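For reference, the structure is listed below as structure tokens.
Being a predicted model, the structure only gives us computed values, none of them experimental. Protein chains get the first letters and strands the later ones, always in sequence-line order, with residue 1 at the start of each.
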There are 2 protein chains.
Amino acid sequence: MSPDRIYAKYWVESAFPLQKAVEVMAGEQSSGTFIKVPGETEELKNRHAARVESLTELEPVAVPSLPGARVPKGTAVPVYHRGEAVLSWPLSNMGASLQNLMATVAGNLFELQQFSGLRLLDMKLPQPFRDKYPGPQFGVAGTRLLTGVQTIPLVGTIIKPSVGLSPEATAGMVGQLAEGGIDFIKDDELQADGPHCPFEDRVVAVMRVINDHADRTGKKVMFAFNLSGDIDEMRRRHDFVLAHGGTCVMVSVNGVGLTGVVELRRHSQLPIHGHRNGWGLFSRSPYIGMSFLAYQKFWRLAGVDHIHVNGLRNKFCEPDDSVMASARECLSPMFEGEGRGCEIMPVFSSGQWAGMAIDTYKAIQSTDLIFACGGGIVAHPAGIGAGVRSIQQAWKAALAGQSLDEAAAQHSELRQAIQTFEYR
Amino acid sequence: MSPDRIYAKYWVESAFPLQKAVEVMAGEQSSGTFIKVPGETEELKNRHAARVESLTELEPVAVPSLPGARVPKGTAVPVYHRGEAVLSWPLSNMGASLQNLMATVAGNLFELQQFSGLRLLDMKLPQPFRDKYPGPQFGVAGTRLLTGVQTIPLVGTIIKPSVGLSPEATAGMVGQLAEGGIDFIKDDELQADGPHCPFEDRVVAVMRVINDHADRTGKKVMFAFNLSGDIDEMRRRHDFVLAHGGTCVMVSVNGVGLTGVVELRRHSQLPIHGHRNGWGLFSRSPYIGMSFLAYQKFWRLAGVDHIHVNGLRNKFCEPDDSVMASARECLSPMFEGEGRGCEIMPVFSSGQWAGMAIDTYKAIQSTDLIFACGGGIVAHPAGIGAGVRSIQQAWKAALAGQSLDEAAAQHSELRQAIQTFEYR
């Protein structure tokens, strides 16, 4: 690893010899083009060309995964070679810029005719990226400090119905959830600043309830208000949340984009809850797109404090091992030799209830996460408070090394949760 | 068409009866969720639920296009139904906000287990979106005014090698191109503000050449400087270009994102050249992602004046009919009953030379475009000037209804271009 190079790992598929195909890719994404041009001197190539650092061949296939790819001239029966390649670029090509990094590692290469499949799997960035971008302002420690939850995950939920509730109806739900002992609540990503539930009216109504509850009980529920929008809107909404005693804002990272999230982070005095809606477009096909390992590095550096990772046995189509790899990555250092500092809190959601706690803990060996449940809380037969307690009981059992059955024998709320949700 | 609803058209594939599958999608993206929740009253649903407006079944397939999709319980041999569905949402759900529109029409739906394929094909937006966003500031007419090119396309090129040239070497190339009579030059998207070619040094060196040339000849070459970066960087770079007499800035739209591009547009006094690098991630798979018809609507409203569409017989994997549909869409009104006002200039590139002019004109019946050639200009045997003239000759022939052979009989530069590039 050179300290002034960027490394990116790809999964590729090509009917051309793989070494040749990835060399085309390296050329296209640095100093080369379709034809040799006069200015491309050997000296310039030495300084600026991308390098193929390694190539591992995988099992080839007979049918191309994506249409539109070329085969070598004169090929009667093409074989589609698959492999993993690591490319590297000198930092001097684009400087420490997330936007221009994106153009380099995830730019025009997806359209190259040499490939019938191409996915960005991971990347390693040199220190100047860490120096330029502030990264998460609150992360795990700051979020725990603001919520007062120190040992187990934050128990969270999402306001449902996603859209349609008035500010007062939203605040009414928040009141019930706060009474039930919840730590964290978020807007649905479909709820923003529509005329039926204007952002500022929602903040006023919700924060009145949250502040009253905090005055009475000493516990301040963290509510992530979705402020996604233009720069001036996001700044104004952030300031409004802050002025009303709110402790979190939420942003749809794909809709807002890197430049907007970086600017929000520079302005923000609150944790930024990063929502990855639209992520399926990047990840759903195994043959094109980007892995979460690479994706979350962009948003961590841009400055989100939390990011969604789905959950065990979720209701979307992501398998469990992928969810757990995502969560572990959020909690791992991003730069060589770095201690804690750039970790963010993974947000588990989708079909979650107390029954997933022990398996989740076994898989990631950490409680530094937000555990968001919908039905697992509000559909608990003994009410919202019992729903929240069932989740806390399960996480404490996980930490104590108990089995779910052992814990259920001790706690009626957990027992009821298992009876209600296990065989649904 | 209701004037207060958003319409989005999708291609979908599902092992479930299609009507049921798209109803799940409509529910998930509006007031519904996995389970019925107490607040989802009939009145709320009437006001806020997304509607399935139409559904057209296509030929089913036996094998799912993407992994991870569920099949209905008890299905022995699943059939994967395909179809096109139009969904609509009340504007009141998210208000006129591009970022929150994205979360609605291209948000969490790509991950739904009901689907083994899902693509956003097009969308129609109500007038409040046009009222909120300024759209392109210069568009076709403004770009033509600044370059003085009125009847045929702007002849353009891209600085190559993409990265590695110093500011002085870049300016040297610009000088040769200006002498050759070029109208438009752009940075490669890999060139931004790296330490080997800092943005401001490049602007100073390039604009000295362009301004000198304009003083001598009266012709001001438009150079699109790639200013992609954080908000403050983009504003500062824009102002620097403006102060040095530059007439265009370029932005990588996917790397910068909607919020950054909207803010750049609000600040800008120059045309914004929109670069879509990374577009292959959205478009390369036929089974997931977004069509260019939908994609360019986001960026037009955000305010770019030009956007890349590839070119006829291009060197990427996009077929010609797709390129032409993209270009036509850029030049078509975006809102019902709207005259000219929101059109943007499509940028043709990738393997273009004089020989594509007549066929391109036949396909789109317009010359309101930037025709960017690399080798088609610099590799012309009689030099850069002859390369530029060969392209202008071909476009004038297209307008005059001539064939390529007829035009070649009159113009030696075009004849040489055909001899050089036709059978490469």
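Using a 4.5 Å cut-off between heavy atoms, B:Asn314 contacts chain A through its backbone alone, with no side-chain atom that close. Looking at B:Glu233, only its side chain comes within 4.5 Å of chain A, counting heavy atoms on both sides. Residue B:Met234 touches chain A through its side chain alone, counting heavy-atom pairs closer than 4.5 Å. Using a 4.5 Å cut-off between heavy atoms, B:Val256 touches chain A through backbone and side chain atoms alike. Within the 4.5 angstrom heavy-atom criterion, atoms from both the backbone and the side chain of A:Val163 approach chain B. If you measure heavy-atom distances from B:Ile288 to chain A, the contacts under 4.5 Å come from the side chain alone. With a 4.5 angstrom heavy-atom cutoff, B:Phe282 touches chain A via backbone and side-chain atoms both. Using a 4.5 Å cut-off between heavy atoms, B:Ala106 touches chain A through its backbone atoms (N, CA, C, O) alone. In this structure, no portion of B:Phe199 lies under 4.5 Å from any heavy atom of chain A. In this structure, the portion of A:Leu44 lying under 4.5 Å from any heavy atom of chain B is its side chain and not its backbone.
For the side chain to side chain donor-acceptor pair (under 3.5 Å) test, residues two or more places apart in sequence or in another chain that qualify with A:Asn277 are A:Ser252, A:His275.
Note on B:Gly68, B:Gly164, B:Gly95: by heavy-atom pairs under 4.5 Å with chain A, the leading option is B:Gly164.
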TODO: Starting from the C-alpha separation in whole Å, work towards a yes-or-no answer on side chain to side chain donor-acceptor pair (under 3.5 Å) for B:Glu189 and A:Asn100.
DONE: CA-CA 8 Å; B:Glu189 78 277 8; A:Asn100 297 305; over 6 Å; no
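Under the 4.0 Å criterion applied to side-chain N and carboxylate O atoms, B:Glu263 and A:Arg235 are not assigned as salt-bridge partners. Salt bridge annotation for A:Lys160-B:Glu28: absent, with no cationic side-chain nitrogen under 4.0 angstrom from a carboxylate oxygen.
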